[in-house]
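Report on one structure; see the data block that follows.
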Amino acid sequence: MQATRGWIPSRWKRRQYSAAGSKPGPNILRLLMSGSHTNHPLAPMRHSTAHVMAQAVQHLFPGAKFAFGPDTEDGFYYDIELPRPISQDDLAALEAEMRKSVASQSQFVHEDWPKGRALEWFREHDQPFKVEWISQLPDETVSIYRHGDFTDLCAGPHVSNTADIGAFKLLSSGGAYWRGDEKREQLTRIYGTVWNNQQELDDYLERLEEARRRDHRRIGKDLQLFMFADEVGPGMPLWLPKGATIRRELERYVTDLELRQGYQHVSTPDVAKVDLYKTSGHWAHYKDAMFPVMKAGDEELVLRPMNCPHHIQIYKFTQRSYRDLPLRIAEFGTMWRYEKSGELSGLSRVRRMDLNDAHIFCTPEQILDEIVGVVQLIESVYDVLGITEHWYRLSLWDPSDREKYVDNPPMWEMGERYLKEAMARLHLEYVEAPGEAAFYGPKIDIQLRDPLGHSETISTIQLDFHLPNQFQLEYVGEDSKEHRPVMIHRGVIGTLVRMIAFLIEKYAGAFPVWLSPVQARLIPITDRNVDYLRGLHERLLDLQVRSELDQRNEKMQRKIAEAQTEKVPYMVVAGGRDEEAGTVSVRLRSGEQLPPMAPAEFVNRILDDIRNRR
RNA sequence: GCCGACGUAGCUCAGCUGGCAGAGCGAUGGUUUUGUAAACCAUUGGUCGUCGGUUCGAAUCCGACCGUCGGCUCCA
């Protein structure tokens with residue numbers, strides 16, 4: 001049915017960031033208590049609808065235990081422990097029950113209860129999650145909202161009456177852990193959406209539909225870009241010729257750009273001795289995401305989850321002088337991560353990926369300039385790719401998580417200062433995100449939004465004082481003494497898989513000419529016109545334009561229809577009239593038809609597009 | 001990994017409470033020689049994800065495993 005991925009998280013998470021670390025503690029609870037979590041004008045209504053849904057659950061699922069139910073960017077959800085699994089039919093039944101509540105025109109009533117009374121009441125009504133929640137609140141009174149026969153712990157605000165709720169729909173259900181902790185109870189989360197009126201709701205549902213049509217997994221199959229094979233394994237994409245073309249073009253583009261920017265491209269192996277990763281700290285902090293050790297004779301090898309240690313070895317190849325710095329070592333490095341099975345998703349989350357990686361080895365004095373240079377590089381690439389909606393996230397460590405992060409508070413503080421200074425110098429706004437750093441250092445993540453509103457990290461800039469220490473990196477300074485360099489890890493287009501997944505959805509498969517797997521489809525009207533187009537075809541191939549000559553025994557209309565479906569940017573049609581006039585007639589995938597032009601003119605046009613990356 | 005759903009031809013899907021596995025598209029062979037989104041005829045195609053169980057009989061019921069999808073957790 002409504003197979004929708006969660007559309008909430010980004011804003012919701014951003015709020016968490018500003019509140020506390022990654023482990024949900026009292027601060028998070030305060031936050032959850034605070035009622036509405038977004039500044040959206042519809043927030044009170046959405047939150048109220050969550051209460052109305054909870055009431056319906058209370059009626060239809062006696063014994064349900066309520067956890068929490070906030071509003072989100074597009075609606076609301078409620079996490080509930082249910083006596084049995086919930087089905088699509090149940091959602092329809094719940095909606096019907098909710099409508100009764102709306103029809104009853106119940107007032108939302110706010111009351112302040114002494115903590116003791118609240119604890120007693122929720123204990124009596126067998127609501128252990130509420131009890132746990134209240135008992136951790138610091139205040140002596142707790143805020144309660146009631147409507148009809150439903151009572152909930154909640155700070156509001158709410159609309160005044162259930163009749164004030166607009167057009168709503170329950171969308172889906174899924175699992176969720178109590179307080180986001182995978183070691184705690186598994187609850188059922190029911191998602192819904194609510195809008196001012198039916199029209200707004202319909203518009204929203206249409207947006208969900210559109211996002212589904214753009215899903216890169218669907219388009220990737222339809223356009224034959226990539227595949228997965230059960231026999232190869234989950235999370236291991238196989239690129240088909242057309243998808244491999246897009247990869248190659250992106251890789252060439254970025255590599256050339258980097259070479260021009262003073263990066264040096266290298267090539268290093270996918271495996272290393274496990275000791276390399278013990279030295280780097282990956283083994284201690286990142287082991288869970290690594291494939292297990294391969295034993296070959298006396299050797300213990302691992303598939304690398306990151307490229308940095310290899311590039312560090314290249315740094316150490318010779319003695320480095322301050323004159324060599326900044327040294328920018330780059331590679332489309334293949335990495336392997338053992339993601340848990342449930343975390344895999346199309347090209348967005350895989351087990352084998354190629355990262356547009358680079359490690360900048362520099363002096364502390366060079367850090368700011370280098371970061372500025374990387375941000376400018378990223379912005380220029382985004383400009384070419386037409387990526388306009390993105391935001392910056394300063395990803396910091398979580399001092400309370402000594403397992404995930406290198407335990408060296410002064411180092412983290414120093415890194416944070418540098419990154420903030422760089423952002424200030426760039427006049428960029430950013431959101432702080434505790435608990436999102438790499439294990440070795442803080443980072444600036446550039447966040448993109450997919451059509452469903454999910455935010456995801458593609459580009460990243462990470463500041464690292466840790467690995468240079470672990471590997472005892474040195475350079476000889478002006479004073480002819482040895483100094484320790486700093487490392488900046490950065491990815492501009494990130495991993496090819498994730499960037500291509502993003503681009504497929506952004507363009508809905510209609511790639512700009514320079515990235516299109518097929519750039520021109522030449523369509524003779526009858527087989528007498530094949531030779532006429534063959535000359536143009538050969539000319540295009542010589543110029544490295546990806547041209548295809550459609551000589552099949554099919555009607556021209558069908559060839560056009562198929563080229564449209566494949567989203568080929570240029571369809572070049574020629575029949576008897578064109579042959580006589582010495583022209584071709586060019587159709588764009590928009591349906592627009594250009595005035596007849598000489599073949600040479602078309603060649604210039606398409607070369608111009610490609611050269612300018614349009 | 002956890003909660004829930006799903007897995008039928010190359011693709012999209014139908015197949016009710018167990019009784020000989022279907023359609024459209026595609027592919028192949030022919031006919032057609034066409035002016036901007038899909039010509040016509042014929043042929044072809046499946047150990048119903050895998051393994052086991054129940055049954056006279058399983059695509060259908062049960063179990064395990066594999067995979068996919070939606071959530072959660074984690075993340076480039």
Side-chain angles (χ1 to χ4, degrees), chain A residues 1-6 8-9 22 77 79 81-82 84-88 171-191 215 217-218 221-222 224 228-231 233-235 286 288-289 305-306 335 337-350 353-357 395 404 435-436 438 443 445-446 448 456-460 462 489 491 493-499 501-502 523-530 553-565 571-578 585-589 591-593:
Chain A
M1 287 279 310
Q2 276 298 345
T4 51
R5 293 196 276 162
I8 9 87
S22 63
Y77 66 79
D79 286 350
E81 188 177 277
L82 295 172
R84 62 169 176 84
I86 191 167
S87 69
Q88 280 295 331
L171 295 169
S172 61
S173 64
Y177 298 109
W178 168 228
R179 295 170 69 170
D181 184 346
E182 62 181 329
K183 293 181 188 72
R184 297 296 304 267
E185 294 87 336
Q186 176 103 44
L187 311 170
T188 300
R189 177 171 297 179
I190 305 173
Y191 284 104
D215 190 315
R217 291 166 297 190
R218 181 191 198 85
K221 187 187 265 186
D222 287 348
Q224 304 193 4
F228 290 89
D230 285 359
E231 291 81 352
Y286 208 76
D288 287 349
M306 294 186 193
M335 315 185 302
R337 297 184 182 175
Y338 189 74
E339 305 290 350
K340 294 184 209 162
S341 56
E343 292 165 348
L344 300 170
S345 176
L347 291 185
S348 317
R349 198 72 186 279
V350 297
M353 69 213 93
D354 303 289
L355 181 67
N356 164 223
D357 207 356
S395 299
K404 185 173 171 187
E436 293 287 346
K443 52 182 182 161
D445 291 320
I446 295 89
L448 301 182
E456 52 186 352
T457 308
I458 294 190
S459 310
T460 178
Q462 312 176 347
H489 310 233
I493 58 170
T495 55
L496 282 168
V497 268
R498 190 170 279 184
M499 179 53 95
F502 178 82
I523 300 174
I525 291 181
T526 78
D527 51 16
R528 288 190 298 273
N529 311 116
V530 171
N553 177 20
E554 292 291 351
K555 290 188 64 171
M556 172 262 280
Q557 284 89 336
R558 161 171 286 260
K559 294 177 181 179
I560 287 172
E562 289 180 8
Q564 286 286 152
T565 308
M571 284 154 268
V572 181
V573 179
R577 297 209 293 270
D578 297 283
S585 66
V586 177
R587 178 193 164 108
L588 308 180
R589 63 190 157 193
E592 186 191 347
Q593 222 177 302

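Each chain gets a letter, A, B and so on, in the order the sequences are listed, and its residues count up from 1. What you see below is based on every heavy atom in this structure, not just the backbone, and it leaves out hydrogens, waters and symmetry mates.
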Any base atoms under 4.0 Å from [X], or only sugar-phosphate, or nothing? Heavy atoms, all strands.
{"X": "A/Glu339", "answer": "base"}
{"X": "A/Lys443", "answer": "sugar-phosphate"}
{"X": "A/Asp230", "answer": "sugar-phosphate"}
{"X": "A/Arg528", "answer": "sugar-phosphate"}
{"X": "A/Ile458", "answer": "sugar-phosphate"}
{"X": "A/Asp578", "answer": "base"}
{"X": "A/Gly494", "answer": "nothing"}
{"X": "A/Thr565", "answer": "base"}
{"X": "A/Thr457", "answer": "sugar-phosphate"}
{"X": "A/Gly576", "answer": "base"}
{"X": "A/Gly491", "answer": "nothing"}

Set of residues satisfying side chain to side chain donor-acceptor pair (under 3.5 Å) with respect to A/Ser395, sequence neighbours excluded |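 Testing A/Ser395 for side chain to side chain donor-acceptor pair (under 3.5 Å), a comparison that skips the adjacent residues, returns A/Arg393, A/Asp445.
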
In whole Å, I'd like the distance from the [atom1] atom of [X] to the [atom2] atom of [N].
{"X": "A/Leu344", "N": "B/rC75", "atom1": "CG", "atom2": "P", "answer": "15 Å"}
{"X": "A/Glu554", "N": "B/rC25", "atom1": "CD", "atom2": "P", "answer": "13 Å"}
{"X": "A/Leu187", "N": "B/rG4", "atom1": "CG", "atom2": "P", "answer": "13 Å"}
{"X": "A/Arg337", "N": "B/rA76", "atom1": "CZ", "atom2": "P", "answer": "6 Å"}
{"X": "A/Ile190", "N": "B/rG70", "atom1": "CD1", "atom2": "C1'", "answer": "14 Å"}
{"X": "A/Lys183", "N": "B/rC74", "atom1": "NZ", "atom2": "C1'", "answer": "12 Å"}
{"X": "A/Met556", "N": "B/rG35", "atom1": "CE", "atom2": "C1'", "answer": "4 Å"}

Identify, with sequence neighbours excluded, every residue that meets salt bridge (Lys or Arg N to Asp or Glu O under 4.0 Å) alongside [X].
{"X": "A/Asp578", "value": "none"}
{"X": "A/Arg349", "value": "A/Glu339, A/Glu343"}
{"X": "A/Arg184", "value": "A/Glu132"}
{"X": "A/Glu182", "value": "A/Lys340"}

Using the [atom1] atom in both, what is the distance from [N] to [M], to the nearest Å?
{"N": "B/rU34", "M": "B/rC40", "atom1": "C1'", "answer": "13 Å"}
{"N": "B/rU55", "M": "B/rG49", "atom1": "C1'", "answer": "23 Å"}
{"N": "B/rU44", "M": "B/rA23", "atom1": "P", "answer": "12 Å"}
{"N": "B/rG24", "M": "B/rA38", "atom1": "C1'", "answer": "13 Å"}
{"N": "B/rC16", "M": "B/rC6", "atom1": "P", "answer": "15 Å"}
{"N": "B/rU60", "M": "B/rU8", "atom1": "C1'", "answer": "11 Å"}
{"N": "B/rA39", "M": "B/rA58", "atom1": "C1'", "answer": "43 Å"}
{"N": "B/rC25", "M": "B/rC62", "atom1": "C1'", "answer": "36 Å"}

Establish, with yes or no, whether the OP1 or OP2 oxygen of [N] is under 4.0 angstrom from a side-chain nitrogen or oxygen of [X].
{"X": "A/Thr188", "N": "B/rC3", "result": "no"}
{"X": "A/Lys404", "N": "B/rC75", "result": "yes"}
{"X": "A/Arg587", "N": "B/rA37", "result": "yes"}
{"X": "A/Arg184", "N": "B/rC2", "result": "no"}
{"X": "A/Tyr286", "N": "B/rC74", "result": "no"}
{"X": "A/Arg218", "N": "B/rC69", "result": "no"}
{"X": "A/Arg217", "N": "B/rC69", "result": "yes"}

Check side chain to side chain contact (heavy atoms under 4.5 Å, CB included) between A/Ile525 and all other residues, then give those that pass, not counting sequence neighbours.
->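 For A/Ile525 the side chain to side chain contact (heavy atoms under 4.5 Å, CB included) partners, ignoring immediate neighbours, are A/Asn529, A/Met556, A/Val573.
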
Considering residues at least two apart in sequence or located in another chain, which fulfil the side chain to side chain contact (heavy atoms under 4.5 Å, CB included) criterion with A/Gln557?
->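 A/Gln557: side chain to side chain contact (heavy atoms under 4.5 Å, CB included) contacts with A/Lys555.
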
What nucleotide among [options] has an atom nearest to a side-chain atom of [X]?
{"X": "A/Val497", "options": "B/rG35, B/rG4, B/rA76", "answer": "B/rA76"}
{"X": "A/Val573", "options": "B/rU33, B/rG26, B/rU36", "answer": "B/rU36"}
{"X": "A/Gln557", "options": "B/rA76, B/rG4, B/rA37", "answer": "B/rA37"}
{"X": "A/Ile525", "options": "B/rU34, B/rA76, B/rC72", "answer": "B/rU34"}
{"X": "A/Arg558", "options": "B/rU36, B/rG1, B/rG26", "answer": "B/rG26"}
{"X": "A/Arg349", "options": "B/rC2, B/rA76, B/rU33", "answer": "B/rA76"}

Heteroatom pairs (N/O) under 3.5 angstrom, protein to nucleotides 9-16 of chain B:
unit_1	atom_1	unit_2	atom_2	d
B/rU12	OP1	A/Lys221	NZ	3.3

Determine the sole option in A/Val497, A/Thr495, A/Leu496 for which the side-chain contact (heavy atoms from CB on, under 4.5 Å) test with A/Leu347 is passed.
->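 Among A/Val497, A/Thr495, A/Leu496, the one that satisfies the side-chain contact (heavy atoms from CB on, under 4.5 Å) with A/Leu347 is A/Val497.
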
Do the side chains of A/Tyr177 and A/Gln186 get nearer than 4.5 Å, heavy atoms only?
->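 A/Gln186 vs A/Tyr177: side chains touch.
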
Just wondering, more than 12 heavy atoms not from A/Tyr286 lying within 6.0 Å of its OH?
->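 Enclosed: over 12 neighbouring heavy atoms sit under 6.0 Å from OH of A/Tyr286.
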
A/Arg218 atom CZ, over 12 foreign heavy atoms within 6.0 Å |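 No.
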
Judged by atom type as modelled, is there a donor-acceptor pair below 3.5 Å linking the side chain of A/Arg498 to the main-chain atoms of A/Thr457?
->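 Here the side-chain-to-backbone pair exists.
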
For RNA chain B, the dot-bracket pattern of Watson-Crick and G-U pairs whose distances stay under 3.5 Å, | for other-strand partners = (((((((..((((.....[..)))).(((((.......))))).....(((((..]....))))))))))))....

With no angle test and no hydrogens, is the base of B/rA76 tied to the side chain of A/Gln462 by a donor-acceptor pair under 3.5 Å?
->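 Not at all, since no donor on one side and acceptor on the other fall under 3.5 Å apart.
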
hbond_proxy A/Tyr338 side chain to B/rG1 base (donor-acceptor, 3.5 Å cutoff) =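 Not at all, since no donor on one side and acceptor on the other fall under 3.5 Å apart.
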
5'-most contact on RNA chain B: A/Gly233 or A/Glu456, nearest heavy atom basis?
->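 This one resolves to A/Gly233.
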
Comparing A/Met335 and A/Lys559 on RNA chain B - which has the more 5′ nearest nucleotide |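 Looking at RNA chain B, the more 5' nearest nucleotide goes with A/Lys559.
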
